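Report on one structure; see the data block that follows.
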Amino acid sequence: MEDLIKEYALGYEMFRDAIEGLTEAEFCYKPAPDKWSIHQILIHVTDSEISATPRLKKVLAEDEPTLFSFDQDAWVNNLGYDLLDREQYLLLFKLLRSSMLTILDSLTREQSERVGVYPDQERFTFKQLLEFRVEHVRGHLAQIERVKKAYQENQLTC
């Protein structure tokens, strides 16, 4: 659990490292009409964190609470992600993650095994939900690298 918490705590720095030195063109580049730009990915990651942080807290505070997800594509398509300030969103991501660290630092084994339940009756422990947060960041860091590579390849063919 200790390594999981450490990686969770590094999420903001990992995103900062991944986007260091990018131009506005690179942030806005979409490798295909149905693919997300790096800018959109960063906004999405924060919106996901906004949704996930209360879920994590509910599992720790309540007995088998009902957990809800959000429709990520609807949010990207209908909330004007391209107009949102990614620096504000990155700061919000950082604050959300850091706000959980005090709770995580004092987490007991029993707490890590507490359960939340989704409407379809799928059950997840706190530890599994935290693992998903870490995997979520890993997945989007890989996505950012793919978009950066696609941008570079597109520049070579133009």
Side-chain angles (χ1 to χ4, degrees), residues 1-22 27 31 34-149:
M1 193 70 172
E2 186 178 325
D3 290 341
L4 185 64
I5 293 170
K6 283 181 185 175
E7 187 172 347
Y8 175 88
L10 292 173
Y12 172 77
E13 287 81 11
M14 294 164 74
F15 279 117
R16 277 284 168 209
D17 289 345
I19 64 170
E20 185 176 348
L22 293 182
F27 276 113
D34 63 335
K35 299 293 183 187
W36 294 352
S37 68
I38 293 172
H39 175 91
Q40 291 172 321
I41 294 166
L42 295 171
I43 302 298
H44 159 74
V45 167
T46 300
D47 273 346
S48 181
E49 208 67 24
I50 290 168
S51 178
T53 300
R55 285 195 301 261
L56 292 170
K57 289 181 174 184
K58 282 178 74 73
V59 170
L60 291 176
E62 302 172 18
D63 289 330
E64 297 198 10
T66 301
L67 307 175
F68 296 96
S69 296
F70 70 103
D71 182 340
Q72 66 182 18
D73 292 320
W75 286 42
V76 170
N77 295 329
N78 298 315
L79 294 180
Y81 271 25
D82 293 333
L83 304 174
L84 300 176
D85 185 324
R86 74 176 158 267
E87 287 301 322
Q88 284 183 334
Y89 272 74
L90 281 167
L91 180 57
L92 182 53
F93 178 87
K94 179 182 181 180
L95 292 171
L96 287 166
R97 286 279 170 116
S98 65
S99 73
M100 284 296 297
L101 291 181
T102 302
I103 294 168
L104 295 175
D105 286 343
S106 60
L107 192 71
T108 67
R109 180 180 166 91
E110 293 77 24
Q111 286 175 309
S112 71
E113 295 170 0
R114 291 181 61 84
V115 172
V117 184
Y118 281 90
D120 65 0
Q121 301 304 310
E122 196 163 0
R123 302 165 61 83
F124 291 94
T125 66
F126 179 86
K127 182 179 180 185
Q128 289 172 313
L129 294 170
L130 191 64
E131 287 170 343
F132 181 76
R133 300 314 316 148
V134 168
E135 288 295 326
H136 190 247
V137 167
R138 287 179 189 166
H140 285 299
L141 286 168
Q143 183 183 20
I144 287 170
E145 291 307 312
R146 289 190 303 271
V147 174
K148 286 169 30 177
K149 182 178 179 187

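Everything numeric in this text was worked out from a predicted model, so none of it was measured. In this chain, numbering begins with 1 at the start of the sequence shown.
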Mark yes or no for whether R55, through its side chain, and F68, through its backbone, hold a donor-acceptor pair below 3.5 Å.
yes

Side chain to side chain contact (heavy atoms under 4.5 Å, CB included) assessment of R146 paired with K35
CA-CA 11 Å; R146 289 190 303 271; K35 299 293 183 187; over 6 Å; no

To the nearest 0.5 Å, what is the distance between CD (E113) and OG1 (T108)?
8.5 Å

If we check ring-ring contact (aromatic ring centres under 6.0 Å, His included) with F93, which of these qualifies: Y8, F15, Y12?
F15

Answer yes or no: is there a side-chain heavy-atom contact under 4.5 Å between S48 and R133?
yes

Are the side chains of W36 and H140 in touch, meaning some heavy atoms are under 4.5 Å apart?
yes

Give a yes or no on whether a salt bridge exists between E2 and K6, defined as a side-chain N under 4.0 angstrom from a carboxylate O.
yes

Just so I know, are the side chains of R16 and L90 near enough to count as touching, which here means a heavy-atom distance under 4.5 Å?
yes

If we only count heavy atoms from C-beta on, is the V137 to R97 side-chain gap below 4.5 Å?
yes

Between K149 and E145, is the closest basic N to carboxylate O distance under 4.0 Å?
no

Minimum heavy-atom separation for H44 and Y81, please, with both atom names.
N-CE2, 3.5 Å

Please report the shortest heavy-atom distance between Q128 and R123, naming the atom on each side.
OE1-O, 4.1 Å

Spacing of OG belonging to S112 relative to CG belonging to L129, to within rounding of 0.5 Å:
11.5 Å

About how many Å separate CG of L92 and CD1 of I50, when rounded to the nearest 0.5 Å?
4.5 Å

Can you check whether L104 reaches L130 side chain to side chain, under 4.5 Å on heavy atoms?
yes

For Y89, is there any backbone N or O sitting under 3.5 Å from a side-chain donor or acceptor partner on T46?
yes

Separation of L96 CG from E49 CD (nearest 0.5 Å)
6.0 Å

Taking the side chain as everything from C-beta on, heavy atoms only, tell me whether F126 gets closer than 4.5 Å to M1.
yes

Interatomic spacing from CG in N77 to CG in L79 - rounded to 0.5 Å:
9.5 Å

Taking side chain as C-beta onward, heavy atoms only, is T125 less than 4.5 Å from V115?
yes

More than 12 heavy atoms of other residues, nucleotides or ligands under 6.0 Å from NZ of K94: yes or no?
no

Take atom CG in D71; do more than 12 heavy atoms of anything else shown fall under 6.0 Å from it?
yes

Return the minimal non-hydrogen interatomic distance between Y118 and S69, and the atom names on each side.
CE2-OG, 3.3 Å

Rounded at 0.5 Å granularity, tell me how far CD1 in I103 sits from CD1 in I5.
11.0 Å

Heavy-atom closest contact (D82 atom, H39 atom, distance):
O-NE2, 3.8 Å

Run the side chain to side chain contact (heavy atoms under 4.5 Å, CB included) check on F124 and V59 step by step: do they pass?
CA-CA 9 Å; F124 291 94; V59 170; over 6 Å; no

Quick one: does D63's side chain get under 4.5 Å of R114's, heavy atoms only?
yes

Minimum heavy-atom separation for K127 and L4, please, with both atom names.
O-CD2, 4.1 Å

Check whether K148 reaches the backbone of I38 with its side chain - one donor and one acceptor, N or O, closer than 3.5 Å.
no

Within the side chain of S98, is there an N or O that forms a donor-acceptor pair under 3.5 Å with the backbone of L95?
yes

Atom CD of residue position E87 - does it have more than 12 heavy atoms of other residues, nucleotides or ligands inside 6.0 Å?
yes

